[in-house]
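What follows is a set of notes on a single structure, which appears directly below.
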Amino acid sequence: MVLNEHTPVQTQPTGTDTGAAAPLDFTTFMRSYQDMVFTTAARVSGSDSQAQDIAQEVFVRAFEHFADLSGSATAGGWLKTVATNLAINHVNRYRKRWRMFSEMHAADGDESAAEIEWEAPDRLLSDLSAEQRGAIVEAALRRLPDQQRLPLVLYHFEELSYQEIAAKLGVSLTKVKTDIRRGRAALLPALQAAHARETLES
Amino acid sequence: MNEARDMQAKQKQADEKLEQLITGALAGLPLRRAPDALERRVLAELAQRAALPWWRRHFAQWPMAARTGFVALCVLLAGLSVTSGLTHLASQGWAWARPVVGVMAAFGGVTSWALSLVPPLYFYIGLGLGGLLYLLLFGIGAFAYRTLYLPSSNTAMVSS
């Protein structure tokens, strides 16, 4: 299943239309990928200030491997993977505290606990521009608890499978599925409410 | 039984619909703009790291001579500590330390005997030849990488 229609990895410089040339130096290289790295880190960590720290660390590491990355077609993928892993590590430092409690509530195989009541609209945010949609979704994602936002972002934006997410987060497959379902169910009313506000204002 | 099955089917259908809705809402979102301060922060961090003296950097970034010297010193110190420690224990009457000291001494004796069998000139010639072959192999690899791999990956980068 194709989750996202857009290219998951930014391969062209942002804000310029001269993206045909390969990056010449590290600053050009950084400008080419900083939006993608920052967006990935912000979505996974759920915090802009943490995302800045993570993005900084990603580019410092990229500088150490710049000889290999500067001419590589897979540089975007490398940066995205490092940004995702660093952001997960960042969240994990705080996650240990809540994991014990969330595992208590959604023990392995406890599918019944995950039943969700919600009213299905036919379409969601489809009448908004990509920018408006982006602002609403990013804000709603930030408000989700870590244990729901993390697997949701890894599934929908990073296009990882349930198994890969479970391995990355060190939790069971059932928990990943349950958290993603709960995340979606929590995201839906938040998106609907934000959409209603947006429509009223405009 | 049937009720439970119906409930399950309904739940599955609802989940699929929810997934479809959220996937649609999250698809094709534009990237967020990185803060202007990010570039300055990265460059400042790189400058700060570059200004550090070599002994305060990561071990992998130390000069080769310093790394070799450090490893040799560590091996020497570790060897001295273990040997002197065991010798001390053996002299204090710790019976179990004696065979260990004996084995280590035998190992040292065998190594020095093996080294004494190698004529020094042949040893150094062999060592030099090995180094030369290693450099040759490295050079061929680097040449092949630059001529065969780099042009194609640059083309892929430009066309992507």
Side-chain angles (χ1 to χ4, degrees), chain A residues 1-6 10-12 14-15 20-23 26-27 30-31 34-39 42-43 48 51-52 55-57 59-60 63-64 71-76 115-116 118 120-121 123-126 130-131 133-134 136-138 152 156-157 180-181 183-185 187-188 191, chain B residues 4 6-50 52 57-61 141-142 145-160:
Chain A
M1 181 177 65
V2 177
L3 296 172
N4 292 329
E5 286 159 6
H6 71 295
Q10 179 187 1
T11 54
Q12 300 296 328
T14 305
F26 186 71
T27 311
M30 190 163 54
R31 284 179 190 157
Q34 61 181 3
D35 288 352
M36 181 271 286
V37 169
F38 176 74
T39 305
R43 282 174 182 161
D48 281 9
Q52 275 204 60
Q56 178 184 322
E57 183 58 30
F59 282 115
V60 167
F63 184 75
E64 288 163 7
S72 169
T74 58
E115 282 189 11
I116 298 150
W118 53 277
R123 276 180 292 179
L124 190 61
L125 311 183
S126 57
E131 281 72 25
R133 216 153 38 91
I136 288 175
V137 168
E138 305 287 356
L152 201 66
H156 284 283
F157 290 109
I180 288 179
R181 287 172 68 203
R184 285 182 190 137
L187 201 58
L188 182 67
L191 294 179
Chain B
D6 283 353
M7 281 280 285
Q8 260 187 344
K10 249 185 198 171
Q11 183 69 36
K12 196 179 171 204
Q13 215 175 359
D15 285 344
E16 281 171 3
K17 175 76 178 163
L18 182 62
E19 178 174 359
Q20 197 186 346
L21 279 170
I22 296 294
T23 301
L26 268 53
L29 290 185
L31 294 174
R32 292 184 56 197
R33 198 172 159 70
D36 293 335
L38 178 62
E39 188 180 315
R40 281 198 304 275
R41 281 181 57 171
V42 173
L43 295 178
E45 178 68 22
L46 291 176
Q48 196 187 354
R49 289 191 186 197
L52 286 175
R57 293 187 198 170
H58 192 277
F59 182 69
Q61 294 171 340
Y145 174 76
R146 284 182 183 281
T147 50
L148 301 174
Y149 176 74
L150 263 191
S152 61
S153 66
N154 279 341
T155 314
M157 182 84 165
V158 168
S159 63
S160 63

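Each chain gets a letter, A, B and so on, in the order its sequence line appears, and its residues count up from 1. These numbers come from the heavy atoms of this one structure, side chains and all, not from hydrogens, waters or symmetry mates.
- When heavy atoms are compared at a cutoff of 4.5 Å, B:Gln20 does not approach chain A at all.
- Using a 4.5 Å cut-off on side-chain heavy atoms (C-beta onward), B:Leu46 and A:Phe59 make no contact.
- Looking at A:Val60, the atoms closer than 4.5 Å to chain B (heavy atoms on both sides) sit in the backbone and in the side chain alike.
- In this structure, A:Thr39 OG1 and B:Leu29 CG are separated by 10.0 Å, a value rounded to the nearest 0.5 Å.
- The heavy-atom pair separating B:Thr23 from A:His156 by the smallest distance is OG1-CE1, 3.1 Å.
- The structure places CD1 of A:Ile180 at 11.5 Å from CG of B:Leu18, a figure rounded to the nearest 0.5 Å.
- The local environment of CD in B:Gln61 is crowded, with over 12 non-hydrogen atoms from other residues, nucleotides or ligands closer than 6.0 Å.
- Summarising the geometry, atom CZ belonging to A:Arg43 is positioned 8.5 Å from atom CZ belonging to B:Arg32; distances are rounded to the nearest 0.5 Å.
- For the atom pair A:Leu187 CG and B:Ile22 CD1, the distance stands at 4.5 Å (nearest 0.5 Å).
- A donor-acceptor distance shorter than 3.5 angstrom exists from the side chain of A:Arg133 to the backbone of B:Ala27, with no hydrogens or angles considered.
- Partners of B:Arg57 by salt bridge (charged side-chain N to carboxylate O under 4.0 Å, His left out), not counting sequence neighbours: none found.
- Nearest heavy atom pair, residue B:Ala25 against residue A:Val137, reads O-CG2, 3.9 Å.
- Distance CZ/A:Arg181 to CD/B:Gln11: 5.0 Å, rounded to 0.5 Å.
- Rounded to the nearest 0.5 angstrom, B:Arg41 CZ and A:Glu57 CD are separated by 11.0 Å.
- Residues meeting the salt bridge (charged side-chain N to carboxylate O under 4.0 Å, His left out) test with B:Glu39, sequence neighbours left out: A:Arg31.
- Side chains of B:Leu43 and A:Met30 form a contact here, defined as non-hydrogen atoms less than 4.5 Å apart.
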Next on the checklist: B:Val42 vs A:Phe63, test: side chain to side chain contact (heavy atoms under 4.5 Å, CB included). Steps then yes/no.
Outcome noted: CA-CA 10 Å; B:Val42 173; A:Phe63 184 75; over 6 Å; no

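- In terms of heavy atoms, A:Ala130 sits closest to B:Gly28 at CB-O, 4.3 Å.
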